[in-house]
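Below: the structure, in structure tokens.
Computed from a predicted model, the values in this text were never measured in an experiment. The basis for the numbers below is simple: all heavy atoms, side chains too, and nothing from hydrogens, waters or symmetry mates.
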Amino acid sequence: MTLLAYSEPVRVEPEQLNGLYTQLGISGAEDVVCRAMEEIALRMNRMVRQFAEDKLDELRKNARSLVGIADQIGLIGLSSVAGDVTNCIDDGDHVALSAVLNRFLRVGERSLSAIWELQDISI
């Protein structure tokens with residue numbers, strides 16, 4: 001058996017975070033970012049459950065809303081993969097959906113870590 005190691009760079013738009021800090025101030029931006037990160041983590045868990053239960057309409061709604069949440073805090077890579085999840089559901093491709101959802105989870109975990117680190121640097 002061959003094990004493939006997969007590494008994909010996290011794509012974060014730091015200017016989006018800087019814009020939030022400029023527009024909302026430190027306290028307001030931290031609040032927005034923390035709430036977004038919590039919501040992303042909750043929705044990621046929900047999406048895994050929805051996929052396992054074959055609730056594709058709910059999974060699609062969560063993926064769709066994650067596009068906006070991720071864009072808001074500059075997680076453009078996560079936003080893109082969430083859009084791919086939606087496309088797989090729309091195409092009815094269950095096999096691709098499984099693969100893309102796993103990619104989404106990997107990118108999501110790494111994106112949350114990256115945004116946390118960027119937030120620490122900007123304070």
Side-chain angles (χ1 to χ4, degrees):
M1 172 157 80
T2 302
L3 183 62
L4 299 176
Y6 184 76
S7 178
E8 178 177 9
V10 173
R11 293 181 1 216
V12 178
E13 188 65 46
E15 290 81 25
Q16 184 68 24
L17 273 183
N18 291 336
L20 283 174
Y21 278 87
T22 300
Q23 182 181 14
L24 303 174
I26 292 173
S27 179
E30 286 178 353
D31 186 48
V32 167
V33 171
C34 287
R35 281 188 286 131
M37 289 172 63
E38 288 174 11
E39 192 63 30
I40 289 169
L42 287 171
R43 287 178 188 262
M44 285 172 57
N45 287 330
R46 217 177 278 150
M47 289 168 68
V48 170
R49 188 176 62 250
Q50 290 164 341
F51 178 76
E53 296 172 359
D54 203 34
K55 295 181 177 178
L56 299 185
D57 288 339
E58 293 175 28
L59 175 59
R60 187 185 188 289
K61 287 178 190 175
N62 268 312
R64 197 84 182 117
S65 64
L66 265 169
V67 170
I69 296 168
D71 280 342
Q72 180 184 28
I73 60 172
L75 296 176
I76 58 173
L78 183 62
S79 172
S80 176
V81 180
D84 293 341
V85 169
T86 302
N87 291 338
C88 289
I89 293 169
D90 291 347
D91 293 344
D93 192 338
H94 204 73
V95 173
L97 175 59
S98 178
V100 171
L101 186 59
N102 280 307
R103 178 176 175 230
F104 170 79
L105 296 172
R106 286 191 310 270
V107 170
E109 289 174 12
R110 292 183 36 230
S111 295
L112 290 175
S113 294
I115 204 78
W116 189 259
E117 290 170 12
L118 278 175
Q119 190 180 13
D120 286 345
I121 291 169
S122 60
I123 292 177

About how many Å separate CG of Leu97 and OG1 of Thr86, when rounded to the nearest 0.5 Å? 9.5 Å
Note, His94 side chain near Asp54 side chain (heavy atom, < 4.5 Å): yes
If two hydrophobic side chains count as joined below 4.5 Å and joins carry through other members, does Ile69 share a cluster with Val81? yes
Please round to the nearest 0.5 Å and tell me the distance separating atom CG of Asn102 and atom CZ of Phe51. 7.5 Å
Can you tell me how far apart OG (Ser111) and CE (Met44) are? Round to the nearest 0.5 Å. 8.5 Å
Mind checking the CZ-CG spacing from Arg46 to Leu59? Nearest 0.5 Å is all I need. 11.5 Å
If we only count heavy atoms from C-beta on, is the Leu75 to Val12 side-chain gap below 4.5 Å? yes
Taking all heavy atoms of Gly108 and all of Leu78, pick out the closest pair and write down the distance. CA-CD1, 3.5 Å
Starting from Val67, can I reach Val33 by hopping between I/L/V/M/F/W/Y residues whose side chains sit under 4.5 Å apart? no
Any Lys/Arg nitrogen of Arg35 or Asp31 sitting under 4.0 Å from an Asp/Glu carboxylate oxygen of the other? yes
Mind jotting down which residue pairs meet the salt bridge (Lys or Arg N to Asp or Glu O under 4.0 Å) criterion with at least one end in residues 71-96? Sequence neighbours excluded, please. Arg60-Asp90, Asp84-Arg103
What is the minimum heavy-atom distance between Ser80 and Arg11, and which atoms define it? CB-NH2, 4.0 Å
CG on Leu105 to CE on Met47, rounded to 0.5 Å: 7.5 Å
Nearest heavy-atom neighbours spanning Met37 and Leu112: CE-O, 3.7 Å
Give, for atom CG of Leu20 and atom CD of Gln72, the distance between the pair rounded to the nearest 0.5 Å. 6.5 Å
Nearest atoms (heavy-atom pairs only) where Leu56 meets Ile89: O-CD1, 3.8 Å
Of all the heavy-atom pairs spanning Ala63 and Val85, show the shortest one and how long it is. CB-CG1, 3.8 Å
Between Ile73 and Gln16, which heavy-atom pair has the shortest distance, and what is it? C-CG, 3.9 Å
